[in-house]
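Here the structure is laid out as structure tokens; the discussion comes afterwards.
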Amino acid sequence: PYDVIGLANLFGGRENLLNALNELFSNSENEFKSEPKTLLPRKYYWHSNEPCILIPYIYCELNDCNSANKWIRWIFKTSYKDSPDGLPGNDDGGTLSAWYIFSSMGLYTIPVREYYMIGAPLFKEIDINPKGSHLKIKSENFSRDKYNVKKILFNGKELTDSKIMHNELIKGGELDLVFE
């Protein structure tokens, strides 16, 4: 996830890497359907293994955040629950909790990046206060069953991709997402 262009080259190009990601998550979904409850490591995507948690965001780095959104929603449904055993693994230093919180807000950054990838929030409206400012994230045509974002605006200006710079985001404002 730190060198997606290099990774895509190793796979023979962007389309091959996207196909490999699709296969990984499709196999993971099928594996989960056949064996939903296990404490053992999974053969394909295993969210309990913290090095894997960045994998869905590779889609965003390949300019396909809606595929990332699809599989992140699947991870929410299959790996997290509201119970004492609700986290999918050992929450070392809050890593799995932080992944959930950021992903459910529709924002995620990979360490060393100066930007956040914008995904599909789990909520119609979110208010946060980064560094004393105020950021409102609003979702138009929102539903928890929808994950395709067709338009993103920050402070009224349409963004050309699904990324926003950290130094802009912490100033606050309004991030509007329009779902299909």
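Remember, it's a predicted structure, so these values are computed and weren't measured experimentally.
Once rounded to the nearest 0.5 Å, the distance linking CZ of F179 with CG of N69 reads 7.5 Å. Distance check: L159 CG to K151 NZ gives 11.0 Å after rounding to the nearest 0.5 Å. To the nearest 0.5 Å, atom CD1 of residue I164 and atom CD of residue E114 are 14.0 Å apart. Of the inter-residue distances, the one linking E61 atom CD with S162 atom OG reads 11.0 Å to the nearest 0.5 angstrom. Atoms OG and NZ, from S28 and K43 in turn, are 11.0 Å apart once rounded to the nearest 0.5 Å. Atom CD of E168 is separated from atom NZ of K157 by 8.5 Å, given to the nearest 0.5 angstrom.
Between the side chains of Y115 and R113, at least one donor N or O lies within less than 3.5 Å of an accepting N or O. Remark: the N30 side chain and the N27 side chain contain no N/O donor-acceptor pair separated by less than 3.5 Å.
Nearest heavy atom pair, residue P56 against residue I72, reads CB-CG1, 3.9 Å. Minimum heavy-atom separation, M105 to I137: O-CD1, 3.7 Å. Across every non-hydrogen atom of C60 and A68, the tightest pair is SG-CB, 3.8 Å.
For NZ of K77, the number of neighbouring non-hydrogen atoms (other residues, nucleotides, ligands) closer than 6.0 Å is 12 at most. Annotation for I5: atom CD1 does not count as buried by contact number, only 12 or fewer foreign heavy atoms lying within 6.0 Å. When the shell of 6.0 Å around CD of E140 is examined, it contains 12 or fewer heavy atoms from other residues, nucleotides or ligands.
In this structure a side-chain-to-backbone donor-acceptor pair under 3.5 Å is missing from W71 to F25. Side-chain N or O atoms of S133 include one that pairs as donor or acceptor with a backbone N or O of P130 at under 3.5 Å. Formation of a donor-acceptor pair under 3.5 Å by the S103 side chain with backbone atoms of Y100 is not found in this model. In terms of modelled atom types and a separation under 3.5 Å, the side chain of D91 and the main chain of L96 share a donor-acceptor contact. In terms of modelled atom types and a separation under 3.5 Å, the side chain of N129 and the main chain of G132 share no donor-acceptor contact. Looking only at distances, a side-chain donor or acceptor of R14 sits under 3.5 Å from a matching main-chain atom of L62. Side-chain atoms of E158 never come within 3.5 Å of backbone atoms of I152 as a donor-acceptor pair (strictly under, hydrogens ignored).
Side-chain atoms of D127 and K138, non-hydrogen and from C-beta on, never get closer than 4.5 Å to each other. Residues I75 and Y80 form a side-chain contact, since some pair of their non-hydrogen atoms from C-beta on lies under 4.5 Å apart. Within the 4.5 Å cutoff, side-chain heavy atoms of P121 are placed close to those of I126. At a threshold of 4.5 Å between non-hydrogen side-chain atoms, the residues S97 and L87 count as touching. In this structure, the side chains of I170 and H166 come closer than 4.5 Å at one or more pairs of heavy atoms. Contact of the S26 side chain with the Y44 side chain is not registered, since no non-hydrogen atoms from C-beta on lie closer than 4.5 Å. Side chains of L153 and L175 form no contact here, defined as non-hydrogen atoms less than 4.5 Å apart. No side-chain heavy atom of I118 sits less than 4.5 Å from a side-chain heavy atom of V149.
Residues V4 and L10 do not share a hydrophobic cluster, defined by chaining ILVMFWY side chains whose heavy atoms lie under 4.5 Å apart. V178 and F154 fall into different hydrophobic clusters, where Ile, Leu, Val, Met, Phe, Trp and Tyr are joined by side-chain heavy atoms under 4.5 Å apart, directly or via other members. If you chain together hydrophobic residues whose side chains sit under 4.5 Å apart, L54 and L18 fall into the same group. Put simply, L177 and Y147 are part of two different groups of oily side chains (I, L, V, M, F, W, Y) that touch within less than 4.5 Å, one to the next. A continuous path of Ile, Leu, Val, Met, Phe, Trp and Tyr side chains, each step under 4.5 Å between heavy atoms, connects F142 with L135, placing both in one hydrophobic cluster.
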Apply side chain to side chain donor-acceptor pair (under 3.5 Å) to N22 and Y59, showing your working. CA-CA 10 Å; N22 292 335; Y59 281 109; 2.7 Å; yes

Mind running side-chain contact (heavy atoms from CB on, under 4.5 Å) on H134 and I128 for me, showing each step along the way? CA-CA 6 Å; H134 180 255; I128 57 175; over 6 Å; no

For a side-chain contact (heavy atoms from CB on, under 4.5 Å) check, start with the C-alpha distance between F123 and R144, then their side-chain angles and the critical distance, and finish with the verdict. CA-CA 8 Å; F123 307 97; R144 284 200 172 198; 3.2 Å; yes

Intermediate values then yes/no, side-chain contact (heavy atoms from CB on, under 4.5 Å), F11 and N19: CA-CA 10 Å; F11 275 81; N19 289 337; over 6 Å; no

Could you walk me through whether T78 and Y45 pass side-chain contact (heavy atoms from CB on, under 4.5 Å), step by step? CA-CA 12 Å; T78 59; Y45 182 82; over 6 Å; no

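Using a cutoff of 4.0 Å between basic side-chain nitrogens and carboxylate oxygens, E180 and K146 are not scored as salt-bridged.
Residues W46 and F32 keep their aromatic ring centres 6.0 Å or farther apart.
Of the candidates Y108, F102, Y2, Y108 is the only one forming a ring-ring contact (aromatic ring centres under 6.0 Å, His included) with Y57.
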